[in-house]
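Each residue takes its place number in the sequence, starting with 1. Atoms within a ligand are numbered from 1 in the order they appear, just like the ligands themselves.
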Amino acid sequence: MPLFDYECRDCGEIFEVVVVGRDRLPNCPGCGGKKTRKLPSAVAVHVKSDTATPRIEKRVKDYLKDGKFKEATRFADKAAAMTKNDKAKRIAAKLHEKTGD
Ligand SMILES: [Zn+2]
């Protein structure tokens with residue numbers, strides 16, 4: 001079964017779901033919200049090459065632009081874990097430093 005990553009647009013929760021049916025969006029396990037969206041597959045799959053990095057960086061920057069430090073950190077952590085990407089790990093580490101988390 002393929003695992004997909006989703007993000008809740010209400011509370012920023014990032015969660016994995018085994019998708020059985022087609023394109024149905026799961027509810028958020030954190031807040032029960034329905035405003036979830038699938039994360040880019042480059043992040044959801046185990047990417048060995050560096051192609052995921054620009055997307056990760058862009059996304060982290062988008063979060064930071066909105067002042068969403070917690071979400072940015074959580075996303076970077078997740079991305080680093082899933083891509084085993086050194087750059088993503090560094091981004092995550094830097095965010096942890098900043099947020100003191
Ligand atoms: Zn939520």
Please walk me through it: do His96 and Asp77 pass side-chain contact (heavy atoms from CB on, under 4.5 Å)?
CA-CA 9 Å; His96 278 291; Asp77 274 345; 2.8 Å; yes
Answer yes or no: is there a donor N or O on one side and an acceptor on the other, between the side chain of Thr36 and the main chain of Pro26, under 3.5 Å?
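Yes, Thr36 side chain to Pro26 backbone: donor-acceptor pair under 3.5 Å.
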Are the side chains of Ile56 and Lys87 in contact, using a 4.5 Å heavy-atom criterion?
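Lys87 does not reach Ile56 side chain to side chain.
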Residues forming a salt bridge (Lys or Arg N to Asp or Glu O under 4.0 Å) with Asp62, sequence neighbours excluded
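Per chain and number, Asp62 pairs via salt bridge (Lys or Arg N to Asp or Glu O under 4.0 Å) with Lys58, Lys65.
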What protein N/O/S atoms are there under 2.8 Å from the Zn ion (ligand 1), waters excluded?
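Less than 2.8 Å away from the Zn ion (ligand 1) sit Cys8 SG, Cys11 SG, Cys28 SG, Cys31 SG.
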Checking Arg9 now: which residues fulfil side chain to side chain donor-acceptor pair (under 3.5 Å) with it, not counting sequence neighbours?
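Scan of Arg9 (side chain to side chain donor-acceptor pair (under 3.5 Å), adjacent residues dropped) gives none.
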Taking side chain to side chain donor-acceptor pair (under 3.5 Å) as the test, write out the residues that go with Glu71, two or more places apart.
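Listed in chain order: nothing, the list is empty.
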